[in-house]
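Data block below; observations after.
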Amino acid sequence: MTAQTIDLPGKEMLVLLSEEQIQARIAELGAQISQDYAGKEIVLLLVLKGSILFAADLCRHITVPCIIEVMGLSSYGASTESSGEVAVTLDLTKPIQEKHVLVVEDIVDTGLTMRYLLKNLRAREPASVRVVSLLEKPARKRVEVGLDYVGFVIDDLFVIGYGLDLDQRYRNLRYIGHVVDASTPSC
Ligand code: 5GP
């Protein structure tokens, strides 16, 4: 695992997934999705803000027609642990009734946010709803949400970069990593 210097004193970033690994996997996901949705139009539903980079790269590998929509969600509660109580901070502006919706998420951790979102979307009577998540952390799963496409299954680590934030920062990194003490030996 390579380490990158970051602007946090005494800390460094261990790269978990390089830019090349991420991009290669996204190309595979795009090809699979294009094949599965042949002859259909997709509503790509981005969940702000974490999935912006992933969705931007993924949609360029999708060859069937697609419409891009966004939704903002926020978990209630002060802790970093998802509470399962979710507020819609930005709602869809168009109906999705009879549309094929593909939710694009950065990471599914406990699954509580996705469970809420899927229930919310299904009430709007789309033709279908599927989920593509770049990352999945099965160790912390609390509810089964049925992910249709997963980029990478990762260990129970708090990861940042490529859309994922630490206090709203580091979303613009091209790779995904996790912050460690600079003294931690990297393997
Ligand atoms: P869940 O409801 O599945 O527990 O949490 C989903 C949300 O928690 C994700 O969309 C993301 O915003 C946040 N989250 C979960 N794990 C991580 C992580 O390792 N890094 C970052 N930056 N956010 C995470």
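Every number for a ligand or one of its atoms is a count from 1 in the order of the listing.
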(message) So, applying side-chain contact (heavy atoms from CB on, under 4.5 Å) with L135, which one of D106, D109, V159, V108 is it?
(response)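 When D106, D109, V159, V108 are each tested with L135, the side-chain contact (heavy atoms from CB on, under 4.5 Å) holds only for V159.
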
Using a strict 4.0 Å cut-off to heavy atoms of [X], name the atoms of ligand 1 that fall inside it.
X	result
T113	1 (P), 2 (O), 5 (O), 6 (C)
D106	9 (C), 10 (O)
L157	19 (O)
E105	10 (O)
G111	1 (P), 3 (O), 4 (O)

Measure the [atom1]-[atom2] distance between [X] and [Y] for me, rounded to the nearest 0.5 Å.
X	Y	atom1	atom2	value
M114	L147	CE	CG	6.5 Å
S128	L121	OG	CG	11.0 Å
L58	L53	CG	CG	12.0 Å

(request) Quick one: closest heavy-atom pair of Q23 and D57, and the distance? (result)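 Smallest interatomic distance, heavy atoms only, reads NE2-OD2, 2.9 Å.
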
(message) Strictly below 4.0 Å, N to O, side chains only: are D181 and K11 in salt-bridge contact?
(response)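 Salt bridge flag = yes for K11 with D181.
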
(request) Please indicate whether any nitrogen or oxygen in V159 is less than 3.5 Å from any nitrogen or oxygen in ligand 1. (result)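 Checking ligand 1 against V159, an N or O pair does fall under 3.5 Å apart.
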
(request) Give yes if a backbone or side-chain nitrogen or oxygen of V108 is under 3.5 Å from a nitrogen or oxygen of ligand 1, and no if not. (result)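 It does not: no N or O of V108 is found under 3.5 Å from an N or O of ligand 1.
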
(message) Counting only heavy atoms, tell me which of K49, R171, K137 gets closest to atom 17 (C) of ligand 1.
(response)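 Among K49, R171, K137, the closest heavy atom to atom 17 (C) of ligand 1 comes from K137.
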
(message) Counting neighbours of CG on D155 that are heavy atoms of other residues, nucleotides or ligands and sit closer than 6.0 Å, is the number greater than 12?
(response)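 Atom CG in D155 is not crowded, with 12 or fewer foreign heavy atoms closer than 6.0 Å.
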
(request) Determine whether the side chain, the backbone, both or neither of L166 has a heavy atom under 4.0 Å from any heavy atom of ligand 1. (result)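 It is neither part, as no heavy atom is under 4.0 Å.
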
